[in-house]
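Shown next, in structure tokens, is the structure this report addresses.
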Amino acid sequence: MKVVTWNVNSLKVRMPRVLELLAALEPDVVCMQETKTEAAAFPADELAAAGYDAVHHSAGRWAGVAILARHEVGPIADAVSGLSGELREDEARWVEATVSGMRVASVYVPNGREVDSPTYDEKLAFLDAIAERAGQLRSSDEPMLIAGDFNVAPADIDVYDVAAFEGSTHVQPEERRRVEAILEAGELVDAYRELHPDDVHYTWWDYRQGHFHRGMGLRIDLALLSARAAGTLTACGIARDFRKGTKPSDHAPLVVEL
DNA sequence: ATGGCTCGTTATACGAGA
């Protein structure tokens, strides 16, 4: 099974690149973030024509998450939108569903903006809520995958210039501790790090100043696998070509092979 | 040089993103 997670930064603008990815990689499951679409405008028909069912949690101009499943892998079951314990239930940041016997969550963690801002506290609370949910799912029979934009670089190796992020969100010890707590609560592994312990590769680059071409990025998009799912992990890579070309997202897709 | 892009918006400048 091939799973992709991708922060598309507007599904409306990115639809040509999404269809390109579906045709090129033929993923079985896709977790998307920052769809930025009203529920009524979600392009379910276009995705169905491309061979994919979808469930989504949509709240208009910001955030928005979705899970796609290729028709051949079977129906998407027991979809739940929203995360127990999140402080802003009006923001669409979590959707989970069962696909091919695996519990899959697509997550878009709040950015946090500035340390000491109210949204930063909401970010920390959201990470705590993920840990709580991961703990619940651990005790179920289904293998688990939590994939998305965590807006946290788990370690210094995941940051192009640690000094440049001094005092910034995404690298703070309290954020990283919470990501660790998610791994512990769900008995999860970071799929990319599991297979590439020392590789320096990123999933996001600022649009400005040619950061992508200068290798200035962060690894903030993660696929977290429960032990049963991780036992079938064969490959995990970053599809950097989708950060190039016409109208790219500022994130590259993360591709997981199970 | 404190911006630099790229999104969406009861838009036409501004907030948000990371």
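In this text, all values refer to a predicted model and were calculated from it rather than measured experimentally. Reminder, nothing fancy here: chain letters follow the sequence lines and each chain counts from 1. When reading the values below, keep in mind they use all heavy atoms of this one structure, side chains included, and skip hydrogens, waters and symmetry mates.
- Remark: the backbone N or O of A:D221 is paired with a side-chain donor or acceptor of A:T203 at under 3.5 angstrom.
- In this structure, the OH atom of A:Y108 is 11 Å from the C1' atom of B:dC7, given to the nearest Å.
- A side chain to side chain donor-acceptor pair (under 3.5 Å) with A:D149 holds for exactly one of A:T5, A:N9, A:N7; it is A:N7.
- No side-chain donor-acceptor contact under 3.5 Å links A:K247 to the backbone of A:P16.
- Residue order along DNA chain B, read from the 5' end via each residue's closest nucleotide, puts A:L11 first among A:L11 and A:G112.
- Across B:dT10 and B:dG15, the matching P atoms stand 14 Å from one another, rounded to whole Å.
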**Study point:** Worked check of ring pair (Phe, Tyr, Trp, His ring centres under 6.0 Å) between A:Y160 and A:F165
**Key:** CA-CA 9 Å; A:Y160 73 89; A:F165 280 82; 5.8 Å; yes

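- Going from atom CG of A:D250 over to atom P of B:dC7 covers 9 Å, rounded to whole Å.
- In this view, A:R113 satisfies the salt bridge (Lys or Arg N to Asp or Glu O under 4.0 Å) rule with no residue, not counting sequence neighbours.
- Nearest nucleotide to the A:R14 side chain, out of B:dT6, B:dG8, B:dG17: B:dT6.
- The side-chain contact (heavy atoms from CB on, under 4.5 Å) test with A:R219 singles out one residue from A:D190, A:L254, A:D199, A:V152, and that residue is A:D190.
- In this structure, A:E114 atom CD and B:dG15 atom C1' are separated by 13 Å, rounded to whole Å.
- Using modelled atom types, no side-chain atom of A:Y202 and backbone atom of A:I238 make a donor-acceptor pair closer than 3.5 Å.
- At whole-Å resolution of the value, NZ in A:K36 and P in B:dC7 are 8 Å apart.
- Distance, A:R61 CZ to B:dG15 C1': 9 Å, rounded to whole Å.
- On the P atoms, B:dG4 is 13 Å away from B:dC14, given to the nearest whole Å.
- Summarising the geometry, the separation between CD on A:Q33 and C1' on B:dC7 is reported as 16 Å, rounded to the nearest angstrom.
- Between the P atom of B:dA16 and the NE2 atom of A:H251 lies a distance of 17 Å, rounded to the nearest Å.
- Here A:N7 lies in heavy-atom contact (under 4.0 Å) with sugar-phosphate atoms only.
- The same atom, P, is picked in B:dG3 and in B:dA16; the two are 16 Å apart, to the nearest Å.
- The CG-P distance, from A:N9 to B:dT6, rounds to 10 Å in whole Å.
- Separating the P atom of B:dC7 from that of B:dT2 is a span of 26 Å, rounded to the nearest Å.
- Between A:K247 and A:T169, the one whose closest nucleotide on DNA chain B sits nearer the 5' end is A:K247.
- A heavy atom closer than 4.0 Å to some atom of DNA chain B occurs in A:W204, A:Y207, A:R208, A:Q209, these being the qualifying members of residues 199-214 of chain A.
- For B:dA1 and B:dT6, the P atoms lie 24 Å apart once the distance is rounded to whole Å.
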